[in-house]
Amino acid sequence: MPSNDARTLLPTALPTAAAGAVATLVSGVVVGGKGAVGAIVATLVVILFMGVGLVVLERTARSYPQLFQAMGLALYTAQLLLLFIFVAAFKNTTLFNPKAFAITLVALTLVWIGAQARAHMKAKILYVEPDSTKTEKSEKPGSKS
């Protein structure tokens with residue numbers, strides 16, 4: 001993974017995982033074992049969906065900077081639709097508590113977005129690529145050709 005991806009992904013995924021651990025504990029205490037399982041599934045879904053989206057968006061920005069804004073909008077729309085489909089598919093499941101899952105999913109998505117914004121603001125990413133070749137001076141200052 002390129003260093004810019006890791007510089008943004010780790011500071012974003014770690015707070016989300018920590019919030020997921022807290023949500024798992026709270027869901028386990030409030031709802032029971034199925035609540036804890038729902039919170040764990042929500043944590044994994046958020047980290048997977050948002051992590052893959054972040055990597056795809058950063059690679060697109062690097063390869064096709066002119067498509068960055070459109071790709072970002074399309075990506076976030078697709079992520080919301082996929083999360084909606086995932087929630088709808090498991091609405092009546094007996095594997096885990098759907099309410100604990102949904103609440104954890106929303107909370108962790110907000111944590112992810114906040115952590116991503118913070119990581120992006122703190123990252124020292126150049127917005128102009130420095131020239132890799134040294135320019136040669138063809139003439140001395142003050143001389144005319």
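Note that the structure is predicted; figures quoted are calculated from it, not measured.
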Okay, side chain of K34, backbone of T94: is any donor-acceptor separation there less than 3.5 Å? yes
Minimal heavy-atom distance between K91 and P98, with the atoms involved, is O-CG, 3.3 Å
If Ile, Leu, Val, Met, Phe, Trp and Tyr residues are connected whenever their side-chain heavy atoms lie under 4.5 Å apart, and connections chain through other members, are L108 and V31 in the same group? no
Between the CG atom in L110 and the OG1 atom in T16, the distance rounded to the nearest 0.5 Å is 10.5 Å
Side chain proximity check, L57 to Y76, heavy atoms < 4.5 angstrom:
yes
Heavy-atom nearest pair, P15 first then A115, reads CG-CB, 4.0 Å
Could you tell me whether Q69 atom CD has more than 12 heavy atoms of other residues or ligands within 6.0 Å of it? no
CG of L9 to CD of Q116, rounded to nearest 0.5 Å, is 9.0 Å
V56 side chain near M71 side chain, heavy-atom distance below 4.5 Å
yes
Tightest non-hydrogen contact, residues G35 and S27, listed as O-CB, 3.3 Å
- Is L25 linked to V111 within one hydrophobic cluster, defined over Ile, Leu, Val, Met, Phe, Trp and Tyr using a side-chain heavy-atom separation of less than 4.5 Å? no
When rounded to the nearest 0.5 Å, the distance separating CG of L44 from OG1 of T104 is 11.5 Å
Exercise. Does some side-chain heavy atom of F49 sit less than 4.5 Å from a side-chain heavy atom of V52?
Worked result: no
The single option from L80, L75, L81 that satisfies side-chain contact (heavy atoms from CB on, under 4.5 Å) with T77 is L81
CD1 of I47 to OG1 of T109, rounded to nearest 0.5 Å, is 10.5 Å
In this structure, CZ of F90 is separated from CG of L95 (nearest 0.5 Å) by 7.0 Å
*Contact check, side chains of W112 and T12, non-hydrogen atoms, under 4.5 Å*: yes
Of all heavy-atom pairs linking A119 and P11, the shortest is CB-CB, 3.9 Å
Could you check if a side-chain atom of V87 sits within less than 4.5 angstrom of a side-chain atom of F101, using non-hydrogen atoms only? yes
OG1 (T24) and CD1 (I40) are apart, to the nearest 0.5 Å, by 4.5 Å
Single-linkage hydrophobic cluster, 4.5 Å side-chain cutoff, L82 and L48 together
yes
Exercise. Could you state whether V26 and V41 fall into the same hydrophobic cluster, counting links through intermediate Ile, Leu, Val, Met, Phe, Trp or Tyr residues with side-chain heavy atoms under 4.5 angstrom apart?
Key: no
